[in-house]
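Have a look at the structure below before the remarks.
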Amino acid sequence: MNTQTSAKVPRHIAIIMDGNGRWARERGWPRLKGHEQGARNVEPVCEACIAEGVGFLTLYAFSTENWKRPAHEVAGLMLLLERFLSEKVAMMERNGVRLATIGRTADLPGPVRKRLERAIADTAHNTKLTLTLALNYGGRDEIVDAVRSIAHEVKQGKLDPGSISGETLSTHLYTAAMPDPDLLIRTSGEMRLSNFLLWQLSYTEIHVTPRLWPDFGAEDLRAAIADFQSRDRRFGGAVENPVTTASA
Ligand code: IPE
Ligand code: IPE
Ligand code: MG
């Protein structure tokens, strides 16, 4: 039978951290204040994941579309990222967190790239939680990049076009080294994917909470996991109905 109950801890949680701007607006503050508060949330959420036994946490931090925002907001986000990467390595070391990244990171500003590379190298030996930051990430670009690299291998004669499968595509994505997410959380109530992990979310359970990201904490993470555990993951399969004699 192809069914599977979800009464277990998700191996991989992905989060679309949304609502920073609205959180700040509610207080009459500039949007960057919301981003600052949002960045402070990453540490308790990582710790809650570790406490619950989650092995992979992927956070959507900056999309390929976010460059459209006003220049001062983009610059502020990049500075915040740089600061996060320099300040949080100690937290990652303390908690056994390995940092990874997905996205076209080569297009990030030089100082961010440098910090990112250093933080990834410094935490490479940690094994409790893989924290992946999606930076300059777009799901469509990721699939385009995978197709380009597959086409390159075909051209070089390393790959037979007839042997290309879903597995081939998966292993050419930025996420090749991790399982697909079991649970996707989106904060601030929006019901859309916004170009996040388009291939990988095919059978992911989705939990949308009205909570704005700067207010999201360990309790909310546990509530999302409990919601996940109440789901019946069928992956397209079916369980035979019990037949009763009362049927017409
Ligand atoms: C999410 O919060 C953070 C990023 C996309 C970088 P938003 O900045 O999108 O907040 P809202 O949606 O405007 O409230
Ligand atoms: C998605 O949030 C991107 C990140 C959380 C980094 P957005 O706020 O950019 O998405 P839309 O514009 O509401 O779709
Ligand atoms: Mg938003």
Side-chain angles (χ1 to χ4, degrees), residues 12-46 49 56-85 87-88 99-109 111-113 115-116 130-145 173-175 178 181 183-201 204 206-217 220-221 224:
H12 182 178
I13 296 180
I15 306 183
I16 302 177
M17 308 181 289
D18 200 12
N20 296 352
R22 278 162 280 175
W23 184 90
R25 192 176 57 207
E26 280 175 3
R27 289 159 179 78
W29 294 344
R31 294 175 56 84
L32 269 172
K33 286 275 176 212
H35 296 315
E36 280 169 20
Q37 188 56 38
R40 286 190 198 109
N41 260 3
V42 173
E43 179 167 344
V45 169
C46 281
C49 279
F56 297 85
L57 173 66
T58 299
L59 300 177
Y60 203 5
F62 194 86
S63 77
T64 46
E65 288 73 31
N66 288 149
W67 297 108
K68 291 184 215 157
R69 296 187 177 204
H72 70 272
E73 181 173 349
V74 172
L77 279 166
M78 291 301 149
L79 266 178
L80 191 60
L81 182 58
E82 219 185 304
R83 207 189 321 149
F84 175 88
L85 291 167
E87 287 174 2
K88 293 297 174 186
L99 185 72
T101 185
I102 53 173
R104 290 184 175 169
T105 51
D107 298 333
L108 293 171
V112 175
R113 254 181 13 244
R115 292 256 180 231
L116 194 56
T130 298
L131 168 65
T132 302
L133 297 181
L135 296 170
N136 192 22
Y137 175 88
R140 288 187 170 180
D141 280 351
E142 178 181 34
I143 294 170
V144 167
D145 286 349
L173 294 173
Y174 309 146
T175 51
M178 56 179 120
L183 172 62
L184 171 75
I185 299 171
R186 182 158 187 158
T187 58
S188 88
E190 308 292 356
M191 307 262 188
R192 55 177 171 261
L193 295 180
S194 301
N195 204 12
F196 193 39
L197 300 174
L198 297 180
W199 174 274
Q200 299 88 336
L201 295 176
T204 302
I206 301 175
H207 175 90
V208 175
T209 167
R211 188 88 75 212
L212 304 177
W213 173 251
D215 289 328
F216 188 92
D220 299 294
L221 185 91

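Each ligand, and each atom within it, is numbered from 1 in the order the structure gives.
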**Message:** When you compare the side chain of C46 with that of L131, does any pair of heavy atoms fall below 4.5 Å?
**Reply:** yes

**Asked** Which of these, I102, T101, D107, sits in a side chain to side chain contact (heavy atoms under 4.5 Å, CB included) with L135?
**Response** T101

**Asked** Has the side chain of N195 got a donor or acceptor atom that lies under 3.5 Å from a matching backbone atom of G138?
**Response** no

**Item:** Every N, O or S from the protein that is nearer than 2.8 Å to the Mg ion (ligand 3)
**Value:** D18 OD1

**Prompt:** Do I16 and R192 come within less than 4.5 Å of each other through their side chains, counting heavy atoms only?
**Reply:** no

**Request:** Measure from the side-chain N and O atoms of E82 to the backbone N and O of R115, and report whether any donor-acceptor pair falls under 3.5 Å.
**Result:** no

**Prompt:** Looking only at side chains, do D18 and Y60 share a donor and an acceptor under 3.5 Å apart?
**Reply:** no

**Request:** Identify the residue among T58, T175, T130 that makes a side-chain hydrogen bond (donor to acceptor under 3.5 Å, both in side chains) with H12.
**Result:** T58

**Message:** Just checking R211: does its CZ atom have more than 12 heavy atoms from other residues, nucleotides or ligands closer to it than 6.0 angstrom?
**Reply:** no

**Asked** Above 12 or not: heavy atoms from other molecules or residues under 6.0 Å from CZ of R140?
**Response** no

**Prompt:** Between CD of E36 and CZ of F84, what distance do you get to the nearest 0.5 Å?
**Reply:** 14.0 Å

Using a 3.5 Å cut-off on N/O to N/O, what pairs does ligand 2 make with the protein? A line per pair would be great.
from: ligand 2; atom 1: 8 (O); to: D18; atom 2: OD1; distance (Å): 3.2
from: ligand 2; atom 1: 8 (O); to: R69; atom 2: NH2; distance (Å): 3.3
from: ligand 2; atom 1: 9 (O); to: N66; atom 2: ND2; distance (Å): 2.9
from: ligand 2; atom 1: 9 (O); to: R69; atom 2: NH2; distance (Å): 3.3
from: ligand 2; atom 1: 10 (O); to: R186; atom 2: NH2; distance (Å): 3.4
from: ligand 2; atom 1: 10 (O); to: S194; atom 2: OG; distance (Å): 3.4
from: ligand 2; atom 1: 13 (O); to: R186; atom 2: NH2; distance (Å): 3.4
from: ligand 2; atom 1: 13 (O); to: R192; atom 2: NE; distance (Å): 3.4
from: ligand 2; atom 1: 13 (O); to: R192; atom 2: NH2; distance (Å): 2.8
from: ligand 2; atom 1: 14 (O); to: R192; atom 2: NE; distance (Å): 2.9
from: ligand 2; atom 1: 14 (O); to: S194; atom 2: OG; distance (Å): 2.6

**Request:** Determine, using heavy atoms of R31 and all atoms of ligand 1, whether some pair is separated by less than 4.0 Å.
**Result:** yes

